[in-house]
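One structure below.
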Protein chains: 2
Amino acid sequence: MSQRKGRSALTRTELDSWRVFIETTEDLRTALAGRLQAESGISVGDYRVLLELSEAPGRRLRSSHLADAIGWERSRLSHHLGRMEKRGLLTRDTAAGDNRGAEAVLTDEGHDALRRSSVPHFHAIRELFIDALTPGQLAAARDIAETLRDHLAGLKGPGD
Amino acid sequence: MSQRKGRSALTRTELDSWRVFIETTEDLRTALAGRLQAESGISVGDYRVLLELSEAPGRRLRSSHLADAIGWERSRLSHHLGRMEKRGLLTRDTAAGDNRGAEAVLTDEGHDALRRSSVPHFHAIRELFIDALTPGQLAAARDIAETLRDHLAGLKGPGD
DNA sequence: GATACCTGATTGACACGTCAATGTTAGGCG
DNA sequence: CGCCTAACATTGACGTGTCAATCAGGTATC
């Protein structure tokens with residue numbers, strides 16, 4: 001209790017824990033993305049955007065709201081919407097009432113893509129993640145993730 | 001024990017656990033990468049390559065060995081080495097004894113970059129990850145990561 | 001109603017990652 | 001030797017992500 005945190009070098013165990021954790025979560029991410037792409041022809045980013053739009057009234061959302069909803073920077077979203085628009089998954093309109101704004105509108109094709117991808121995607125999540133862990137591990141994973149998330153949020157903007 | 005896994009739809013809790021886990025680990029990754037870039041001007045990929053080369057005899061490694069050591073595809077490594085070479089962190093030579101092969105050789109500048117970045121990088125790992133968790137959580141995180149890693153390996157190539 | 005400022009969004013440049021295609025050299029084998 | 005194939009590595013095209021710069025439309029202030 002008399003030791004301050006963050007002072008000493010990482011122990012071997014700490015470093016090993018870090019490496020297996022960060023590398024495996026990255027592998028998990030890559031595996032999931034690969035499945036989604038192979039089975040449904042869309043990326044994880046596409047999926048996130050499609051899902052958010054499909055749940056919005058009129059299947060349309062202001063770019064800024066969409067960006068906030070999925071936690072992306074505007075520029076990232078703008079690039080992504082451009083690519084999705086080019087593939088016919090959505091269209092873009094100027095927002096009613098504010099000519100600065102843009103609204104992304106889900107096309108039927110985009111909606112179909114989401115519908116086709118959902119079941120395989122959930123299946124992959126179950127297979128790669130949920131079923132790999134015991135109920136206790138799954139609960140612990142959630143607890144750890146929430147702890148880390150709160151910790152990161154505390155570091156990033158306690159004064160914002 | 002009579003229920004087969006992977007049959008039913010994801011529960012609300014399972015989906016929430018998945019989302020907080022995958023999003024937070026991604027945020028963690030992004031935060032670490034940002035720190036390394038801001039503090040030392042190198043990327044996580046750069047760091048990985050520099051570390052591996054610095055530990056190799058003569059500070060040089062065959063591309064294929066390097067790729068295996070850090071678990072990257074050859075093409076990815078080739079692109080990355082090209083970028084690092086352009087910045088003077090390493091040079092490339094044809095391998096002694098096999099003119100097909102290429103060796104990456106750490107420059108003094110590359111070695112300095114690694115030396116400068118190590119302490120801040122370890123510090124960031126401690127601050128963002130190790131110190132955020134209790135010892136129990138850290139052990140659980142490692143256990144979960146190892147379980148997931150083994151599970152992924154089992155899915156990918158049981159017959160390879 | 002002109003100026004200055006703020007907000008919403010896009011763009012360009014560049015780093016990163018994957019996949020498919022392309023050299024290039026080594027080795028095996030007639 | 002001459003051919004075939006495998007191994008090593010690079011390249012090009014394209015999707016993805018970040019940062020800084022830009023542009024266009026609103027808002028306030030005088």
Side-chain angles (χ1 to χ4, degrees), chain A residues 23 26-27 29-38 40-49 60-105 113, chain B residues 23 26-27 29-38 40-49 60-87 89-105 113 156:
Chain A
E23 287 174 6
E26 178 59 15
D27 289 349
R29 195 182 141 70
T30 302
L32 232 294
R35 288 257 185 141
L36 189 55
Q37 188 68 53
S40 309
I42 64 173
S43 69
V44 172
D46 296 336
Y47 185 86
R48 198 80 182 75
V49 170
R60 59 169 58 222
L61 273 180
R62 278 289 283 267
S63 286
S64 48
H65 294 169
L66 184 50
D68 290 348
I70 62 187
W72 285 4
E73 294 187 8
R74 286 174 192 238
S75 140
R76 176 179 178 184
L77 181 63
S78 190
H79 283 299
H80 208 102
L81 292 182
R83 291 188 295 264
M84 291 179 74
E85 186 174 25
K86 197 156 55 177
R87 289 190 289 148
L89 298 173
L90 52 82
T91 59
R92 279 189 282 190
D93 252 345
T94 58
D98 188 342
N99 288 323
R100 285 171 304 185
E103 282 181 343
V105 188
Chain B
E23 286 175 7
E26 177 60 13
D27 288 348
R29 194 181 142 70
T30 302
L32 232 294
R35 288 257 186 140
L36 189 55
Q37 187 68 54
S40 310
I42 64 173
S43 70
V44 172
D46 296 335
Y47 185 86
R48 199 80 181 75
V49 170
R60 57 171 57 223
L61 273 179
R62 278 289 282 269
S63 286
S64 49
H65 294 169
L66 184 51
D68 289 347
I70 61 187
W72 285 5
E73 294 187 9
R74 304 240 172 134
S75 134
R76 176 179 178 183
L77 181 62
S78 189
H79 283 300
H80 208 101
L81 292 182
R83 290 188 294 265
M84 291 179 75
E85 187 174 24
K86 197 157 55 177
R87 288 190 289 146
L89 298 174
L90 51 83
T91 59
R92 278 189 282 190
D93 252 345
T94 59
D98 187 342
N99 288 321
R100 286 172 304 184
E103 283 181 341
V105 188
K156 179 172 291 186

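Please read all numbers here as calculations on a predicted model, not as lab measurements. Residue numbering restarts at 1 for every chain, and letters A, B, ... go by the order of the sequence lines. All values below come from the heavy atoms of this structure, side chains included, with hydrogens, waters and symmetry mates left out.
- Base contact: A/Ser78 has a heavy atom under 4.0 Å from a base atom.
- Comparing A/Ser64 and B/Arg83 by the nucleotide of DNA chain C whose heavy atom lies nearest to each, the residue mapping closer to the 5' end is A/Ser64.
- If you take CZ on B/Arg35 and OG1 on B/Thr30, they are separated by 13.5 Å, rounding to the nearest 0.5 Å.
- B/Leu66 places its CG atom 15 Å from the C1' atom of D/dT10, with the value rounded to the nearest Å.
- Inter-residue side-chain proximity for B/Val49 and B/Trp72 is flagged as met; some heavy-atom pair is nearer than 4.5 Å.
- Looking at every heavy atom in both residues, B/Leu66 comes nearest to B/Ala104 through CD2-CB, 4.4 Å.
- Atom pair B/Glu23:CD and D/dG17:C1' shows a separation of 17 Å (rounding to whole Å applied).
- Side-chain atoms of A/Asp98 come within 3.5 Å of backbone atoms of A/Arg100 as a donor-acceptor pair (strictly under, hydrogens ignored).
- Annotation: proximity of residues 69-77 of chain A to DNA chain C (heavy atom, distance under 4.0 Å) is found for A/Arg74, A/Ser75, numbered in ascending order.
- When the options A/His80, A/Met84, A/Arg48 are evaluated for a side-chain contact (heavy atoms from CB on, under 4.5 Å) with A/Ser43, the one that passes is A/His80.
- Look at CG on A/Leu81: it is 13 Å from C1' on C/dG8, rounded to the nearest Å.
- Salt-bridge annotation for B/Glu85 and B/Arg92: present, with a side-chain N of the basic residue lying under 4.0 Å from a carboxylate O of the acidic one.
- One interatomic measurement links the two molecules: CZ of A/Arg29 to C1' of C/dG17, which rounds to 11 Å at whole-angstrom precision.
- Side-chain contact between A/Leu90 and A/Val105 is absent, with no heavy-atom pair separated by less than 4.5 Å.
- B/Leu61 has its CG atom 15 Å from the P atom of D/dC8, to the nearest Å.
- Scanning residues 92-102 of chain B for heavy-atom distances under 4.0 Å to DNA chain D yields B/Arg92, B/Arg100, B/Gly101, B/Ala102.
- Computed from coordinates, the B/His80 NE2 to C/dC14 C1' distance equals 13 Å when rounded to whole Å.
- For A/Lys86 and C/dT10, the NZ to P distance is 14 Å, given to the nearest whole Å.
- Contact annotation: A/Thr30 does not reach the phosphate of C/dG17 (side-chain N/O to OP1 or OP2, under 4.0 Å).
- Contact check on B/Glu103 versus B/Arg60 returns a salt bridge, with a Lys/Arg side-chain nitrogen under 4.0 Å from an Asp/Glu carboxylate oxygen.
- With respect to the salt-bridge test (charged N to carboxylate O, under 4.0 angstrom), the residues A/Asp46 and A/Arg87 qualify.
- Atom-to-atom distance recorded for B/Leu81:CG and B/Arg74:CZ is 12.0 Å, nearest 0.5 angstrom.
- Distance check, rounded to the nearest 0.5 Å: CG of B/Asp68 to NE2 of B/His65 gives 7.0 Å.
- Straight-line distance from the CZ atom of B/Arg35 to the C1' atom of D/dT18: 18 Å, rounded to whole Å.
- Shortest non-hydrogen contact noted between B/Ala113 and B/Leu89 is CB-CD2, 4.0 Å.
- The base of C/dG12 is paired with the side chain of A/His79 by a donor and an acceptor separated by under 3.5 Å.
- The C1' atoms of five pairs define one axis at each end of the helix from C/dG1-D/dC30 to C/dG30-D/dC1, and these two axes lie 10° apart (to 10°).
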